[in-house]
Amino acid sequence: MAQKPSIPKGTRDFSPAEVAKRNHIISNIREQFEKFGFQPIETPSFENSDTLMGKYGEEGDRLIFKILNSGDFLQKANEQAYSERDSTKLTSSISEKALRYDLTVPFARYVVQHRNEIEFPFKRYQIQPVWRADRPQKGRFREFFQCDADVVGSDSLWQEVEFVQLYDAVFTALGLNGVTIKINNRKVLSGFAEVIGESDKLIDFTVALDKLDKIGEDGVKKEMQEKGISSEAIEKIQKVFGLKGTFSEKIEVLKDILEPSEVGRKGIEELEFINSAIEELKLNTATLDLDVTLARGLNYYTGAIFEVAAPKGVAMGSIGGGGRYDDLTGIFGMSGVSGVGISFGLDRIYLVLEELDLFPETVSGNIKALFINFGEQESLYCLRAIKELRSAGVAAELYPDEAKMKKQMNHANKREIPFVILAGAEEKESKKFTLKNMKSGEQASVSLQELKNRLV
RNA sequence: GUGGUUGUAGCUCAGCUGGUUAGAGCGCCUGAUUGUGGUUCAGGAGGUCGCCGGUUCGAACCCGGUCUUCCACCCCA
């Protein structure tokens, strides 16, 4: 080996076993998506830069992977920007394409572009990789999969109710019990800012509030003050910091705080609607919890905000998120279309399932039986049986070379193939097969019919 | 983008204040066993000590840079 090859930072190779486990998660998610009436679409891995740039805030722009123009890109480079070392300006003159950063913005682009072919409300799901030029950490990669389901063209709050149930359905199907679906509402956050008279500092305010469980009450207040929010203002929403109890108990406290704010009252109304519907319909294994500190997410959320936390005791960032955005397609010139959607973080769900040992053994994707190769004549005899087994739905194969028995048995053992079939001259003569169970070591002489019966 | 951390055999890791031919366990290969794997025993292969440069008589070890890993911040799935 001259020089070890490698892959870029934050990317990964997947072994057969890993792919099988990932497929197990994806197929569960897909199955639930379809059960809930979502239809799949796919979009290109890269988009025109102006489709993506400016949609995720300044931080987002930095994290978008840009694709260099083909050909002699420096010929057309903006000379002034180059000589001034103005990267932002230079970038637009040497790169016009970028890898997609999430699935929501490309979806909005898709909706606008295909508006005349789409029947609204349109429910689509999309399972594809996205790329972010972020620094990798645990559960954070530069290439990862998102599994999104969104509805556009419906203002109905029943959609939010459906999404809560969808989260519950997927995590229940995966055997991941005890996840918490945290919900908040942007209108409640706006209400807070309004009540304290700092509506123009809404973003700073919510970003600080979001860190409550991380840096504590004092830390949040300190950060708010640093952003220019007065302590008198913060005092007005003091009760927010100590919010406890059930969903309804929290709502009662919020009603009190947000009484003066119309938008705040609207937010509470929406939360109550969703909660009472869920209480009526019941969730299988998940819990719906009101978390007013939840402010994550993209600048475009206008109503509900969702985030899913792994079961207690698992150290992992959120494994899903989503929300309502009233005018997502507006950025592409099509206003008045409301959308709401959620996302599943495949790679993080994988890590959580792995940590809790929740992958069923059956996901291996392995063959059921290996035929030992005894030579040309015997192989043909085996291949005839293999053909029949396969059409009966049994995955089986013949060891390709006439190697030593020990080597062939060892191969079956290493691949954890549950059955080995020995069919040499003797078996061929008597039209039998020797079936060996690799786990128990038992073996039996059986007919082809019996072989099929035992392996199907 | 900021600060820190990690890198020695396929894997997990030892390697004294810099000092001859860099070690272990597991794995791998061969044989004991020419139609029986997982156990045992005997033997064997495998390393430019992440990469580049510097200090030194001498560097896996010290210094600088770079890449990578993981962590915190920012932000986020």
Side-chain angles (χ1 to χ4, degrees), chain A residues 1-12 25 29 56-64 87-88 101-104 127-148 203 206-208 210-211 214-215 219 223 294-299 306-310 315-323 341-352 370-375 378 399 402-428 433-443 445:
Chain A
M1 234 186 311
Q3 211 176 0
K4 267 190 192 167
S6 61
I7 55 174
K9 183 193 334 199
T11 65
R12 295 144 306 152
I25 299 172
I29 292 175
Y56 310 100
E58 209 175 307
E59 184 71 13
D61 283 357
R62 208 194 74 211
L63 298 177
I64 292 173
S87 305
T88 315
Y101 177 87
D102 73 355
L103 300 177
T104 309
I127 300 175
Q128 290 189 280
V130 302
W131 296 269
R132 295 185 187 178
D134 209 354
R135 281 230 186 149
Q137 270 181 50
K138 186 185 173 86
R140 270 178 109 152
F141 309 98
R142 300 181 107 177
E143 176 182 61
F144 62 97
F145 266 72
Q146 283 192 334
C147 313
D148 277 27
I203 300 285
T206 52
V207 166
D210 184 49
K211 295 176 187 165
K214 211 168 187 176
I215 60 177
E223 182 164 329
L294 186 62
R296 299 283 176 100
L298 312 164
N299 304 320
F306 295 111
E307 185 168 305
V308 182
M316 180 62 65
S318 60
I319 55 176
I342 60 173
S343 179
F344 290 82
L346 170 66
D347 300 85
R348 288 190 177 177
I349 292 169
Y350 182 103
L351 292 172
V352 171
L370 178 76
F371 281 69
I372 299 296
N373 189 322
F374 286 100
E378 293 87 344
Y399 190 89
E402 194 184 335
K404 281 182 190 163
M405 168 86 78
K406 180 179 170 117
K407 190 175 170 72
Q408 299 192 45
M409 292 296 286
N410 208 240
H411 179 72
N413 196 44
K414 294 262 175 58
R415 282 179 61 187
E416 296 181 317
I417 297 168
F419 293 97
V420 159
I421 292 153
L422 299 96
E426 237 174 78
E427 284 88 348
K428 183 168 176 282
F433 297 88
T434 299
L435 177 67
K436 179 179 172 95
N437 180 320
M438 290 298 278
K439 205 157 196 177
S440 64
E442 288 168 336
Q443 52 186 66
S445 178

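To find a chain, count down the sequence lines: A is the first, B the second, and so on, and within it residues start at 1. Bear in mind that the values here come from a model prediction, so they are computed numbers and not experimental data.
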B:rG50 versus B:rU34 - spacing of their P atoms, nearest Å: 44 Å

Flag for A:Glu427-A:Thr434: side-chain donor and acceptor within less than 3.5 Å: yes

C1'-based separation of B:rU17 from B:rC62 [nearest Å]: 12 Å

A:Asp102 CG - B:rC76 C1' separation (whole Å): 11 Å

Touch class at under 4.0 angstrom, heavy-atom based, for A:Val207 against every strand present: sugar-phosphate

Per-nucleotide protein contact string for nucleotides 33-39 of chain B (B base, S sugar-phosphate only, - none; heavy atom under 4.0 Å): --BBBB-

Minimal non-hydrogen separation, A:Gly10 against A:Pro136, with atom names: CA-CG, 3.8 Å

Atom P, compared across B:rA22 and B:rU69: separation rounded to whole Å: 30 Å

C1' spacing across the pair B:rG58 / B:rG38, given as an integer number of angstrom: 49 Å

Per-nucleotide protein contact string for nucleotides 68-73 of chain B (B base, S sugar-phosphate only, - none; heavy atom under 4.0 Å): SS-SBB

Donor-acceptor under 3.5 Å (A:Arg142 side chain, A:Asp134 main chain): yes

Flag, side chain of A:Gln408 to backbone of A:Asn373, donor-acceptor distance under 3.5 Å: yes

5′-ward residue of the pair A:Phe144/A:Arg62 relative to RNA chain B: A:Arg62

Gap in Å between the two C1' atoms, one belonging to B:rU6 and one to B:rU68, rounded: 9 Å

Which atom of A:Arg12 lies closest to which atom of A:Ile7, heavy atoms considered: CA-CD1, 3.6 Å

Sugar-phosphate, base or nothing in reach of A:Ser343, heavy atoms under 4.0 Å: nothing

Face-to-face contact A:Phe344 to B:rA77 six-ring, under 5.5 Å, under 30°: no

Atom P, compared across B:rA9 and B:rC52: separation rounded to whole Å: 16 Å

Between B:rA42 and B:rU33 - P atom distance, rounded Å: 16 Å

Integer-rounded Å distance: B:rA77 C1' and A:Phe306 CZ: 16 Å

Minimum-distance pair of heavy atoms, taken over all atoms of A:Ile127 and A:Phe145: CG2-CD2, 4.1 Å

Whether A:Phe371 and A:Phe433 hold their rings parallel, tilted or perpendicular, with breakpoints at 30° and 60°: perpendicular

Distance, P atom - from B:rC26 to B:rU5, rounded to whole angstrom: 34 Å

Gap separating the NZ atom of A:Lys211 from the OG1 atom of A:Thr206, nearest 0.5 angstrom: 10.5 Å

Backbone of A:Tyr101 reached by a side-chain donor or acceptor of A:Arg132 within 3.5 Å: yes

Secondary structure string for RNA chain B (Watson-Crick or G-U under 3.5 angstrom, | for other-strand pairs): ((((..(..((((.....[...)))).(((((.......))))).....(((((..]....))))))..))))....

Side chain to side chain contact (heavy atoms under 4.5 Å, CB included) evaluation trace for A:Arg135 with A:Arg140: CA-CA 8 Å; A:Arg135 281 230 186 149; A:Arg140 270 178 109 152; over 6 Å; no

Between A:Asn410 and A:Lys406, a side-chain donor and acceptor under 3.5 Å: no

A:Asp61 side-chain N/O to A:Tyr56 backbone N/O, donor-acceptor pair under 3.5 Å: no

